[in-house]
Amino acid sequence: MTTAGDIMHRGAQWIPAHETLDRAAQLMRELNVGALPISDENERLCGILTDRDIVVGCVAMGRDPSRVTAADMAKGTPRWIDASADVGDVLTTMEEHQIRRLPVIENKRLVGMISESDLAQHLTDDQLATWVESVYSRTTTR
């Protein structure tokens, strides 16, 4: 059985909820990623911040990224998956919620992220095609 832990990208890092978006953008650049899980003061997942969120939700709205926090941008219920979950559960979670990045948690700690590129490297062509159709074919407001 292939698990979330098998296909995830290790080394994911939190952005604390109190950090500003300019710091989040710097961290994204340093890590070469487009999304960061947002943690509360207890290092619990409280959202995901994307580079698009920073641009569209802050900069394009005329807001100052040095004054807007990651918590200000956290919306909805964050989704995550346990490292021991089967890859089928990973795909189902991502499809049902139309998400392209999924934090992986083990023992209540962030241990990795699963992104589109991770799926492309580990799925069969048929699995990937089904996932892409499911996530991208429906109209979303995201």
Side-chain angles (χ1 to χ4, degrees), residues 1-59 61 63-142:
M1 168 178 91
T2 303
T3 66
D6 295 330
I7 67 170
M8 72 182 181
H9 176 82
R10 294 192 177 278
Q13 290 187 20
W14 299 107
I15 185 81
H18 68 271
E19 283 287 357
T20 59
L21 298 188
D22 60 341
R23 177 63 191 126
Q26 292 164 1
L27 187 56
M28 286 179 187
R29 182 189 65 223
E30 290 167 16
L31 298 173
N32 194 30
V33 298
L36 295 169
I38 304 169
S39 70
D40 65 15
E41 63 277 353
N42 298 314
E43 290 196 358
R44 301 287 181 135
L45 181 67
C46 63
I48 297 212
L49 179 66
T50 67
D51 46 7
R52 185 177 194 281
D53 292 333
I54 295 170
V55 172
V56 174
C58 178
V59 176
M61 301 296 288
R63 298 172 73 190
D64 181 354
S66 68
R67 295 186 179 274
V68 178
T69 67
D72 294 333
M73 301 303 290
K75 301 180 200 99
T77 303
R79 303 292 171 196
W80 58 273
I81 195 130
D82 191 87
S84 63
D86 181 76
V87 72
D89 295 332
V90 169
L91 296 175
T92 298
T93 299
M94 294 175 86
E95 289 168 3
E96 285 179 356
H97 300 286
Q98 288 189 283
I99 54 177
R100 298 175 188 122
R101 298 170 180 102
L102 187 62
V104 181
I105 306 293
E106 187 173 59
N107 299 320
K108 300 181 181 178
R109 293 287 194 219
L110 177 70
V111 293
M113 288 279 281
I114 297 173
S115 68
E116 295 164 305
S117 65
D118 299 312
L119 296 178
Q121 291 175 33
H122 293 94
L123 299 180
T124 66
D125 289 345
D126 288 341
Q127 286 175 309
L128 189 58
T130 300
W131 181 82
V132 167
E133 182 178 343
S134 180
V135 170
Y136 286 100
S137 67
R138 291 186 259 166
T139 305
T140 90
T141 58
R142 292 175 213 194

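Just the heavy atoms: all of them, side chains too, but no hydrogens, waters or symmetry mates, feed the values below. Starting from 1, each residue takes its place in the sequence as its number. All values derive from a computational prediction rather than experimental measurement.
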Can you check whether Val135's main-chain N or O pairs, donor with acceptor, with Gln98's side chain at less than 3.5 Å?
yes
Which residues pass the side chain to side chain contact (heavy atoms under 4.5 Å, CB included) test with Val33, not counting sequence neighbours?
Met28, Leu31, Leu36
Distance, nearest 0.5 Å, that separates CD1 of Ile54 from CE of Met73
7.5 Å
If you round to the nearest 0.5 Å, how far is CD1 of Ile48 from CZ of Arg100?
12.5 Å
Non-hydrogen side-chain atoms of Glu19 and Leu27 separated by less than 4.5 Å:
no
Please find the pair of heavy atoms, one from Pro37 and one from Met113, that lie closest to each other, and give the distance.
CG-SD, 3.7 Å
Across all chains, not counting sequence neighbours, the side chain to side chain contact (heavy atoms under 4.5 Å, CB included) partners of Thr124 are Asp126, Gln127
Intermediate values then yes/no, side chain to side chain contact (heavy atoms under 4.5 Å, CB included), Leu110 and Ile105
CA-CA 5 Å; Leu110 177 70; Ile105 306 293; 4.2 Å; yes
With sequence neighbours excluded, what pairs up with Arg23 under the salt bridge (charged side-chain N to carboxylate O under 4.0 Å, His left out) test?
Glu30
Within a radius of less than 6.0 Å around CE of Met1, do more than 12 heavy atoms belonging to other residues, nucleotides or ligands occur?
yes
Taking only residues two or more places apart in sequence or in another chain, which ones pass side-chain hydrogen bond (donor to acceptor under 3.5 Å, both in side chains) with Asp82?
Ser84
Interatomic distance, Asp89 atom CG to Met94 atom CE [nearest 0.5 angstrom]:
13.0 Å
Which pair of non-hydrogen atoms, one from Ala24 and one from Leu49, has the smallest distance, and what is that distance?
CB-CD2, 3.4 Å
What residues, two or more places apart in sequence or in another chain, satisfy salt bridge (charged side-chain N to carboxylate O under 4.0 Å, His left out) together with Arg44?
none
Salt bridge (charged side-chain N to carboxylate O under 4.0 Å, His left out) filter on Glu106, not counting sequence neighbours, yields none
With sequence neighbours excluded, tell me which residues meet side-chain hydrogen bond (donor to acceptor under 3.5 Å, both in side chains) with Thr69.
Asp72
Using side chain to side chain contact (heavy atoms under 4.5 Å, CB included) as the criterion, list what pairs up with Pro65, not counting sequence neighbours.
Leu21, Asp22, Cys58, Val59
Are Asp53 and Thr50 linked by a side-chain donor-acceptor pair shorter than 3.5 Å?
yes
Could you check whether atom CG of Asn42 has more than 12 heavy atoms from other residues, nucleotides or ligands sitting under 6.0 Å from it?
yes
Between side-chain atoms of residues 6-16 and protein atoms elsewhere (two or more places apart, or another chain), which donor-acceptor pairs fall under 3.5 Å?
unit_1 : atom_1 : unit_2 : atom_2 : d
Asp6   : OD2    : Thr3   : N      : 2.9
Asp6   : OD2    : Thr3   : OG1    : 3.1

Mind checking the CZ-CG spacing from Arg101 to Leu119? Nearest 0.5 Å is all I need.
12.0 Å
Mind checking what makes side-chain hydrogen bond (donor to acceptor under 3.5 Å, both in side chains) contact with Arg63, not counting sequence neighbours?
none
Could you tell me which residues satisfy side chain to side chain contact (heavy atoms under 4.5 Å, CB included) with Ala17, sequence neighbours excluded, listed by chain and number?
Ile38, Cys46, Ala71
CD1 (Ile81) and CG (Leu102) are apart, to the nearest 0.5 Å, by 5.5 Å
Which residues pass the salt bridge (charged side-chain N to carboxylate O under 4.0 Å, His left out) test with Arg67, not counting sequence neighbours?
Asp64
Rounded to the nearest 0.5 Å, how far apart are CG of Leu123 and CH2 of Trp131?
9.0 Å
Check the pair Ser115 / Asp118 against side chain to side chain donor-acceptor pair (under 3.5 Å), numbers first and verdict last.
CA-CA 5 Å; Ser115 68; Asp118 299 312; 3.2 Å; yes
